[in-house]
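Atom set for the values below is all heavy atoms of this structure, side chains included, hydrogens, waters and symmetry mates excluded.
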Amino acid sequence: MDFLPVELLRLIFGYCDAASTRALRLASARLADIGYEYLLAPDFTAVEWRDDIKRLHNIANHDRLRTSIRTITFNFSKVDEYNARHASFFQHWLQEPEERNVVLQDAWIKYYELEERSRRLPAFHTRSSMVEESFKRLPNLKDLEITYTKCPYDIDILREVFLVRNCRKRDRTQACKNMNAIVSAVRHVRLSSLTIDQLPLEIFKLADDRRHWFDCARSFASLSRLDLVLDPPPDLLPNSRFRAINGLGHVLQFSPNLTHLSLGFHMYHAPSEKFNLSFRALFGDFTFEKLTDLKLEGLSCAEEDLRSFLIRHGPTLERLRLGGRGLAKPYELSIGGIHLYEGTFRSLFYSLQGKLPKLQRFHMEGDIEAGDVMTSSRELYKFHAVTDENWAEIVAWKRQPSRKTIDCLGLERYLLRGGEYPRLVVVPDTDE
């Protein structure tokens with residue numbers, strides 16, 4: 001094989017898994033040299049039960065391996081053991097008792113072993129200097145994800161229960177420390193995409209915390225994709241709320257080159273509630289001049305405020321998603337919709353006619369409400385998804401349609417082509 005062209009050897013390495021790559025590199029010095037870049041996958045995932053921070057630091061200090069890392073995911077997810085045990089038991093209720101006991105026992109024994117490992121490691125935020133040094137030496141790092149909602153264990157039982165929101169837990173104070181440690185390192189790289197799921201909103205209200213984010217202005221300027229799901233605390237007072245929204249707005253405006261923006265609010269203390277948001281308070285008159293894709297989820301706003309924000313981005317906006325799954329459990333209807341505390345959706349969509357000339361796709365999902373509960377003009381709809389986040393069509397049996405839900409295809413046709421406003425089925429209050 002030493003006499004084969006380099007291009008053919010690279011093709012061979014491309015079909016090898018990790019074990020085969022290591023074995024093939026042992027065959028000769030030439031194969032060892034060519035196979036260097038195939039030793040590491042470009043996607044690096046750090047979890048708390050492994051010493052992935054030390055591993056990342058070692059990779060970053062290796063002259064050849066450090067160029068391999070392009071994507072990093074920090075998974076800080078934790079299991080709420082009490083709720084997860086109950087959920088896993090009922091998810092396997094139909095199994096024979098002996099079989100169910102064996103499956104669950106094996107899963108939880110493995111979980112306790114992994115947790116014991118994590119307790120032997122230092123807390124993540126105490127190793128912020130290692131993370132910062134690593135980021136400085138990763139020239140090809142472009143994508144960063146921070147999550148508290150994905151299962152960090154290779155255990156099927158826990159993957160299943162992680163889909164249920166109350167089977168996950170998080171220490172908000174610890175989460176803020178972890179976020180600040182990562183953001184302090186982000187200022188040394190130029191990212192293309194940043195994804196954070198379950199970001200504590202209060203992190204933007206205190207001066208010391210805000211400083212970490214504001215120091216990253218140059219790094220955020222390179223972002224083309226930003227996906228934020230914020231978790232507002234239950235006790236955010238008006239003054240703290242104003243400072244938090246102000247801080248968040250500054251961070252968003254540090255990213256003027258965004259083409260994809262997803263902004264969601266998940267109220268873990270009250271999953272069906274919506275976060276009251278003013279786009280004017282958040283953005284002022286700021287416009288993302290290159291924005292093509294926009295998603296808004298789990299918020300309540302005024303019709304005029306939302307209309308103004310959307311029309312401002314009309315010259316570039318191609319795909320628009322309003323609402324989403326929210327914090328719905330796997331068997332529940334979507335609850336991440338949009339509410340209007342002033343105005344109506346009929347008026348909103350009518351006023352958007354012809355104002356979004358580049359729009360190609362529109363999607364609506366979740367509980368959609370407008371108007372006061374005491375008025376006859378109140379709008380109340382429940383939309384099920386017809387496409388996934390990448391706009392691929394969802395097969396019919398996965399759409400969760402029922403007599404309580406409708407799809408948004410009529411609204412999409414109306415916004416794209418005009419014509420008569422579609423007839424939407426209003427969900428009566430008795431079906432709530």
Side-chain angles (χ1 to χ4, degrees), residues 43-48 52 70-78 124-125 128 131-132 135 141-152 162 165 168-206 209-217 219-233 236 244-245 247-255 258-268 275 277 282 288 293-299 321 324-327 336 389:
D43 306 325
F44 185 94
T45 299
V47 294
E48 292 192 298
D52 285 323
R70 291 173 173 79
T71 301
I72 293 181
T73 299
F74 290 104
N75 190 335
F76 297 111
S77 304
K78 290 285 188 181
F124 178 86
H125 72 276
S128 59
V131 177
E132 191 165 352
F135 274 44
L141 178 59
K142 296 300 178 185
D143 306 311
L144 177 63
E145 179 180 3
I146 308 169
T147 181
Y148 283 85
T149 61
K150 294 180 180 179
C151 182
F162 246 78
R165 61 178 178 267
R168 308 187 295 260
K169 68 177 181 180
R170 184 192 59 167
D171 183 321
R172 300 187 74 96
T173 302
Q174 186 64 47
C176 289
K177 292 178 179 178
N178 291 344
M179 292 287 181
N180 288 336
I182 296 173
V183 170
S184 294
V186 166
R187 60 197 172 97
H188 299 294
V189 296
R190 297 293 178 265
L191 296 175
S192 296
S193 74
L194 174 62
T195 301
I196 307 179
D197 196 350
Q198 208 175 344
L199 172 63
L201 181 60
E202 66 269 26
I203 202 170
F204 297 107
K205 73 176 183 178
L206 298 177
D209 291 336
R210 288 154 62 109
R211 176 178 52 79
H212 293 288
W213 295 79
F214 292 175
D215 287 346
C216 292
S219 298
F220 290 146
S222 64
L223 287 174
S224 60
R225 181 184 292 267
L226 181 60
D227 187 342
L228 297 181
V229 177
L230 294 115
D231 177 16
L236 199 61
I245 291 298
L248 173 61
H250 274 81
V251 171
L252 291 171
Q253 293 174 50
F254 288 153
S255 312
L258 289 181
T259 59
H260 294 68
L261 173 62
S262 177
L263 189 62
F265 294 86
H266 288 176
M267 312 275 278
Y268 276 81
F275 184 77
L277 181 70
L282 185 63
F288 297 100
D293 292 68
L294 173 65
K295 178 184 177 182
L296 302 172
E297 178 182 346
L299 57 89
R321 300 182 75 92
R325 282 289 292 160
L327 290 173
E389 297 290 328

Participant: Going from CZ on Arg210 to NE2 on His250, what distance comes out if it is rounded to the nearest 0.5 angstrom?
Facilitator: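 Separation between the atoms: 7.0 Å.
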Participant: Mind listing the closest non-hydrogen atom pair of His212 and Val183 along with its distance?
Facilitator: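 Between these two residues, the closest heavy atoms are O-CG1, 3.3 Å.
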Participant: Angle class for the Phe275/Phe265 ring planes (parallel below 30°, perpendicular above 60°, tilted otherwise)?
Facilitator: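 Phe275 and Phe265: parallel rings.
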Participant: Can you tell me how the ring of Phe124 sits relative to the ring of Phe74, calling it parallel under 30°, perpendicular over 60° and tilted otherwise?
Facilitator: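 Geometry flag for Phe74 against Phe124: perpendicular rings.
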Participant: How long is the straight-line distance from CD of Gln253 back to CG of Leu258, given to the nearest 0.5 Å?
Facilitator: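 The CG atom of Leu258 sits 11.5 Å away from the CD atom of Gln253.
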Participant: Compare every heavy atom of Leu191 with every heavy atom of Ser222, then report the nearest pair and how far apart it is.
Facilitator: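 Heavy atoms only, the tightest pair is OG-O, 2.7 Å.
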Participant: Could you check whether any side-chain heavy atom of Leu282 comes within less than 4.5 Å of a side-chain heavy atom of Leu263, counting everything from C-beta outward?
Facilitator: yes
Participant: Going by the angle between their ring planes, with limits at 30° and 60°, are Phe254 and Phe220 parallel, tilted or perpendicular?
Facilitator: parallel
Participant: From the options Arg325, Glu297, Gln198, select the one residue that forms a side-chain hydrogen bond (donor to acceptor under 3.5 Å, both in side chains) with His266.
Facilitator: Glu297
Participant: Would you sort out whether Phe76 and Val47 count as a side-chain contact (heavy atoms from CB on, under 4.5 Å), showing the intermediate values?
Facilitator: CA-CA 6 Å; Phe76 297 111; Val47 294; over 6 Å; no
Participant: Could you tell me if the side chain of Val189 sits less than 4.5 Å from the side chain of Leu144, heavy atoms only?
Facilitator: no
Participant: Spell out, as yes or no, whether a donor-acceptor pair under 3.5 Å connects the side chain of Glu132 to the backbone of Ala181.
Facilitator: no
Participant: Give the minimum heavy-atom separation between Ser219 and Arg190, together with the two atoms involved.
Facilitator: OG-NH1, 3.3 Å
Participant: Got Asp227 and Asp197 here, is their nearest side-chain heavy-atom distance under 4.5 Å?
Facilitator: no
Participant: Are the side chains of Thr73 and Thr195 in contact, using a 4.5 Å heavy-atom criterion?
Facilitator: no
Participant: To the nearest 0.5 Å, how far apart are CG in Leu226 and OG in Ser192?
Facilitator: 12.5 Å
Participant: Measuring only between side-chain heavy atoms, which start at C-beta, is Leu230 closer than 4.5 Å to Phe204?
Facilitator: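 Touching, per the 4.5 Å side-chain cut-off.
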Participant: Might you point out which heavy atoms bring Asp171 and Thr173 nearest each other, and give the distance in Å?
Facilitator: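 Minimum heavy-atom contact is OD1-N, 3.0 Å.
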Participant: Evaluate the criterion side-chain contact (heavy atoms from CB on, under 4.5 Å) for residue pair Asp52 and Phe44; output intermediate values, then yes/no.
Facilitator: CA-CA 9 Å; Asp52 285 323; Phe44 185 94; 4.1 Å; yes
Participant: Would you mind reporting whether Asp231 and Tyr148 have side-chain heavy atoms less than 4.5 Å apart?
Facilitator: no
Participant: Working to the nearest 0.5 Å, report the span between CD1 of Ile182 and NZ of Lys177.
Facilitator: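 If I round to the nearest 0.5 Å, the distance is 14.5 Å.
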Participant: Where do Leu294 and Phe288 land on the side-chain contact (heavy atoms from CB on, under 4.5 Å) test, with the steps shown first?
Facilitator: CA-CA 11 Å; Leu294 173 65; Phe288 297 100; over 6 Å; no
Participant: Nearest 0.5 Å please: distance from the OG atom of Ser184 over to the NE2 atom of His125.
Facilitator: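 It comes to 12.5 Å.
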Participant: For a quick test of reading the model, state the closest non-hydrogen atom pair linking Cys216 to Arg187 and the distance between them.
Facilitator: SG-N, 3.8 Å
Participant: Do the side chains of Met179 and Ile146 get nearer than 4.5 Å, heavy atoms only?
Facilitator: yes
Participant: Once rounded to the nearest 0.5 Å, what's the spacing between atom CG of Asn75 and atom OG1 of Thr45?
Facilitator: 7.5 Å
Participant: Look at the side chain of Thr259 and the backbone N and O of Ser224, then say whether any donor-acceptor pair between them is shorter than 3.5 Å.
Facilitator: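 Side chain of Thr259 to backbone of Ser224, a donor-acceptor pair under 3.5 Å: yes, one is there.
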Participant: Minimum heavy-atom separation for Lys78 and Phe162, please, with both atom names.
Facilitator: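 Lys78 and Phe162 have their closest heavy atoms at O-CZ, 3.8 Å.
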Participant: Are Asp143 and Arg225 within salt-bridge range, i.e. N to O under 4.0 Å?
Facilitator: no
Participant: Under the criterion side-chain contact (heavy atoms from CB on, under 4.5 Å), I'd like the reasoning laid out for Leu261 against Leu252: C-alpha separation, chi angles, the key distance, then a yes or no.
Facilitator: CA-CA 9 Å; Leu261 173 62; Leu252 291 171; 4.3 Å; yes
Participant: Could you tell me whether the side chain of Arg168 reaches within less than 4.5 Å of the side chain of Tyr268, counting heavy atoms only?
Facilitator: yes
Participant: Could you tell me whether a side-chain N or O of Ser77 sits under 3.5 Å from a main-chain N or O of Thr149, the two making a donor and an acceptor?
Facilitator: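 Yes, because the side chain of Ser77 sits within donor-acceptor range (under 3.5 Å) of the backbone of Thr149.
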